[in-house]
Amino acid sequence: MSAQNYTRRDFLRAASMGAAVLAMPGCMSGSQSTSGKPKRPNIILMMADDMGYSDIGCYGGEINTPNLNGLAAGGVRFTQFYNTARCCPTRASLMTGLYQHQAGVGHMMGDYGYDGYRGDLNNRCVTIAEVLKTAGYSTYMAGKWHVTKATQPDGDKHNWPRQRGFDRFYGTIHGAGSFYDPNTLTRDNTQIVPDTKDFYYTDAISDNAAKFISEHRGRGGDKPFFMYVAYTAPHWPMHAKEQDIARYKGRYAAGWDVMRAERHKRMIEMGIVQSKWKITPRDEGAPPWNQAKDKKWFERRMEVYAAMVDCLDQGVGRIVEQLKNTGDFDNTLIFFLADNGGCAEEYGSRGAVKPDPSKPVVLKPMGKDELQTRMQPAVTRDGRPVRTGYGVMPGPADTYIAYGKPWANASNTPFRLYKHWVHEGGISTPLIAHWSARIKAQGRLRHQAGHLIDIMATCVDVSGAHYPARYKGNAIIPMEGRSLVPAFDNKPIEREAIYWEHEGNRAVRVGKWKLVSRHPGGWELYDLEADRTELNNLAEKHPQKVAELKAMYESWAERAGVRPWPVKRTKKKKK
Ligand SMILES: [Ca+2]
């Protein structure tokens with residue numbers, strides 16, 4: 001089978017059979033330079049937004065994700081990889097290899113007047129793109145940036161992707177936004193309006209990412225590239241194309257209790273979780289499915305969510321196909337992860353429907369070149385009011401609601417809590433790593449604990465780049481993470497500890513021990529080897545261990561610039 005006649009259908013067949021992604025003749029040349037030395041890999045970092053631990057197929061989900069499953073089948077899946085529990089801090093940590101407070105994004109995009117809470121990447125960190133550029137990589141980004149407070153079209157752009165190491169950028173500076181008309185949509189340094197009639201942001205991200213690859217190779221030469229593909233799916237609003245939603249019609253009629261039980265069973269069979277870890281009880285904020293009212297509305301919310309993930313997966317397929325077309329697939333290290341756990345925010349889904357459907361309003365369509373400035377548009381581009389409220393059936397552009405807590409609870413099966421919190425449901429993410437030229441274990445699981453900070457260290461390791469002590473005249477904080485390369489070969493990753501803080505929710509993990517607190521509550525201690533679902537608090541039984549881990553946490557918090565929550569804004573801004 002040659003690269004030319006290896007079709008998308010062949011790939012899907014291979015992936016759906018659970019077979020390893022086929023290594024194609026012709027691609028092998030991609031891993032050898034003309035001098036015979038191994039060539040440095042391309043690196044693609046793909047991320048979902050607000051996606052639960054068990055949503056995709058290769059982590060036990062029922063959502064159809066053949067392309068991600070294919071990457072998992074040809075690579076490794078990490079079962080204990082962690083993010084920071086929220087959008088901005090995750091992106092800051094991921095891009096810089098530091099904890100988010102060290103990079104200046106300790107909370108979100110607000111400036112609280114402290115170094116750790118500027119809402120903007122600072123000049124004491126470097127991005128992966130900045131580091132890899134110094135090693136001769138071309139650098140591309142498609143998708144959501146969300147690490148600067150400066151989002152205005154004509155404002156300060158010093159922390160936009162093009163100024164933080166990326167040669168090309170297509171995406172959004174802000175987070176969330178309509179999938180049909182996202183605010184702050186930007187090409188390079190210019191904000192733009194959607195450029196096609198049937199614009200849908202997930203597709204636009206995928207297609208621009210694929211185009212960056214073809215344009216890169218079209219320019220000739222054999223420079224490696226780094227590309228960051230930051231999807232906004234399946235973050236609210238629940239927006240998806242009808243043809244994608246149709247594939248899930250009725251799929252969730254059995255409700256969230258059955259969905260959780262089915263996922264948990266599959267996860268145990270796959271080895272993602274252990275049978276000795278009990279599934280957490282259904283969230284007290286969610287009714288038993290058989291007592292839920294308005295079931296058709298609830299079903300629709302999850303159908304749209306699944307369709308959003310499905311569309312993301314289709315886009316991953318198009319990016320992979322493009323890598324195969326250019327002969328790059330074999331020697332590209334592809335990572336896929338999520339920025340935080342499933343999201344229980346009931347955005348737009350409570351209260352009366354607004355605007356009131358019984359009182360028609362006449363709204364002006366938006367101008368052809370009028371930039372979208374609202375995260376939640378008041379009006380679609382063609383002039384229809386955008387509706388929120390209890391019972392609004394999501395999917396199309398004139399709606400703006402979340403999928404809600406009960407489904408988020410199921411998305412995070414079998415873990416506790418959600419986005420915002422640092423219990424396992426908030427911070428656990430899939431991490432798929434695929435690199436046929438280097439990762440020989442196909443379809444295997446890796447149980448080593450890892451964190452976003454490790455991605456920078458891994459990129460530096462595999463590219464041979466030098467992580468700088470100084471950059472553009474500024475002293476740079478040493479990177480915090482460890483390379484994941486030993487784990488590719490199932491060797492341990494040596495480290496002292498992993499730390500978390502978001503909105504006063506705090507945690508530290510050392511080996512099997514995790515000390516965690518839900519703000520403003522006290523410390524809980526868990527043995528994650530025996531109890532990864534955090535149901536058996538051992539704090540009273542092991543006070544010495546609590547004291548030891550608490551001291552470590554406090555020392556880290558001081559070093560990383562963490563402030564007590566809630567952080568009070570200072571009038572006088574410290575420089
Ligand atoms: Ca997020």
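Note: hydrogens, waters and symmetry copies are ignored here, and every other heavy atom, side chains too, is used. Whatever order the structure lists them in is the order used to number ligands and atoms, beginning at 1. A quick note: this is a predicted structure, and the numbers were derived from the prediction, not measured.
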* Asked: Between Glu62 and Arg266, does at least one N-O distance fall below 4.0 Å, as a salt bridge requires?
  ->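 A salt bridge is present here (some side-chain N lies under 4.0 Å from a carboxylate O).
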* Asked: From Ile63 CD1 over to Leu68 CG, what is the distance, rounded to the nearest 0.5 angstrom?
  ->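 Reported value, rounded in 0.5 Å steps: 10.5 Å.
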* Could you tell me the separation between the CZ atom of Phe226 and the CD1 atom of Ile128, rounded to the nearest 0.5 Å? =>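 Phe226 CZ to Ile128 CD1: 4.5 Å, rounded to 0.5 Å.
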* Under 3.0 Å from the Ca ion (ligand 1), which protein atoms of type N, O or S occur, listed by chain and number? ->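 Result, waters dropped: Asp49 OD1, Asp50 OD1, Cys87 SG, Asp339 OD1, Asp339 OD2, Asn340 OD1.
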* Can you list the residues that meet the salt bridge (charged side-chain N to carboxylate O under 4.0 Å, His left out) rule with Arg168, with sequence neighbours excluded? ->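 By the salt bridge (charged side-chain N to carboxylate O under 4.0 Å, His left out) rule, Arg168 matches Asp188, Glu215.
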* Asked: Residues in side-chain contact (heavy atoms from CB on, under 4.5 Å) with Asn412, at least two apart?
  ->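 Residues passing side-chain contact (heavy atoms from CB on, under 4.5 Å) with Asn412: Tyr418.
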* **Results of side-chain contact (heavy atoms from CB on, under 4.5 Å) for Gln152 - residues two or more places apart only** =>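 If we apply the side-chain contact (heavy atoms from CB on, under 4.5 Å) test to Gln152, skipping adjacent residues, there are no hits.
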